[in-house]
Amino acid sequence: GNSVTQMEGPVTLSEEAFLTINCTYTATGYPSLFWYVQYPGEGLQLLLKATKADDKGSNKGFEATYRKETTSFHLEKGSVQVSDSAVYFCALMDTGRRALTFGSGTRLQVQP
Amino acid sequence: SQTIHQWPATLVQPVGSPLSLECTVEGTSNPNLYWYRQAAGRGLQLLFYSVGIGQISSEVPQNLSASRPQDRQFILSSKKLLLSDSGFYLCAWTLERKTEAFFGQGTRLTVV
């Protein structure tokens, strides 16, 4: 079946530091890949997505590239802010059920 | 524009009591609808999904059930809640030809 593995948290960084959150996946076919963000007490918001190999999704300074050869979709940001503190979920959508399979989430804490 | 409403936002229920969580989508037709649960400190688990009125697929055996009485309404229910049903419940929707999933604000359920 499909699965998503992402790095354990929490990740604690100082403001303006470089961020990488690793994500790898296992899936049949060619899933679409996503990063969702969850701020405290809220639902999930789509951060970025990529629908095919070598696509780069980007939003709000965050980027992730769909790497089929390494089955990865790592999230990066060059300079994090305190407001980026949240839980980040990597996910894939299979073409059959059109349901999302999520990783376990990585909590990011950015300190001033 | 499309919106998704989920209520209540917070719920505290005693063990053995019934449950009904409601989710409605506005501004679209024939959405695929989903219920996810996020247990404390864990990722999101798909509970149910529906591709049409009266069509429900269950992903995991559990104490919960789902119903879709109208095209844009999705209800999560239980006859008798267990302590293990505590968690953060999220409703989501997608369209058949779209890859993005959109989430409600979630319901935090505490069973005491």
Side-chain angles (χ1 to χ4, degrees), chain A residues 1-10 21 23-27 29-53 55 57 59 64 66 73 86-107 109, chain B residues 2-11 21 23-25 28 30-52 55-60 66 74 87-110:
Chain A
N2 297 336
S3 67
V4 176
T5 303
Q6 57 183 110
M7 60 190 292
E8 292 285 333
I21 300 178
C23 171
T24 57
Y25 67 91
T26 302
Y30 303 94
S32 296
L33 302 175
F34 304 84
W35 278 100
Y36 280 84
V37 59
Q38 184 179 34
Y39 298 102
E42 298 185 11
L44 271 69
Q45 301 175 25
L46 178 66
L47 180 59
L48 54 84
K49 68 175 182 178
T51 57
K52 61 183 186 298
D55 269 2
N59 185 27
Y66 190 144
F73 193 54
V87 181
Y88 292 82
F89 290 93
C90 185
L92 66 84
M93 179 178 284
D94 66 68
T95 54
R97 299 175 305 164
R98 305 200 64 75
L100 288 164
T101 299
F102 285 90
S104 56
T106 302
R107 182 174 300 280
Q109 299 172 339
Chain B
Q2 302 93 349
T3 56
I4 179 169
H5 301 282
Q6 187 180 340
W7 68 92
T10 306
L11 192 59
L21 302 180
C23 171
T24 60
V25 179
T28 189
N30 302 315
N32 291 350
L33 296 172
Y34 307 84
W35 279 110
Y36 289 86
R37 177 171 60 200
Q38 183 180 25
R42 300 177 64 180
L44 288 95
Q45 180 184 36
L46 178 64
L47 301 177
F48 300 95
Y49 71 98
S50 171
V51 299
Q55 300 179 60
I56 309 294
S57 296
S58 174
E59 289 295 299
V60 293
F74 204 25
F88 192 50
Y89 289 82
L90 288 159
C91 181
W93 69 275
T94 67
L95 289 177
E96 195 60 36
R97 291 188 176 81
K98 301 289 186 181
T99 55
E100 293 182 35
F102 299 92
F103 286 81
Q105 290 299 297
T107 297
R108 184 161 304 283
L109 171 66
T110 304

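To find a chain, count down the sequence lines: A is the first, B the second, and so on, and within it residues start at 1.
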Trainee: Once side-chain hydrogen bond (donor to acceptor under 3.5 Å, both in side chains) is applied, do any residues pair with A/Glu42, and if so which ones, sequence neighbours excluded?
Mentor: A/Gln45
Trainee: Which heavy-atom pair separates A/Phe34 from B/Glu100 by the least distance, and what is that distance?
Mentor: CE2-CA, 4.1 Å
Trainee: For residues B/Tyr36 and A/Ala99, report the shortest heavy-atom separation together with the two atoms involved.
Mentor: OH-C, 3.9 Å
Trainee: Let me confirm one number: the CZ-CG distance from A/Phe102 to B/Leu90, rounded to the nearest 0.5 Å.
Mentor: 8.0 Å
Trainee: To the nearest 0.5 Å, how far apart are OG in A/Ser104 and CD in B/Gln45?
Mentor: 13.0 Å
Trainee: What I'd like to find out is whether the side chain of A/Leu100 reaches to under 4.5 Å of the side chain of B/Leu44, using heavy atoms alone.
Mentor: no
Trainee: Around A/Tyr30, counting heavy atoms of other residues, nucleotides and ligands shown, do more than 12 lie under 6.0 Å from its OH?
Mentor: no
Trainee: Could you tell me whether A/Gln109 atom CD has more than 12 heavy atoms of other residues or ligands within 6.0 Å of it?
Mentor: yes
Trainee: Could you tell me which portion of A/Leu44 (side chain, backbone, both or neither) has an atom closer than 4.5 angstrom to a non-hydrogen atom of chain B?
Mentor: both
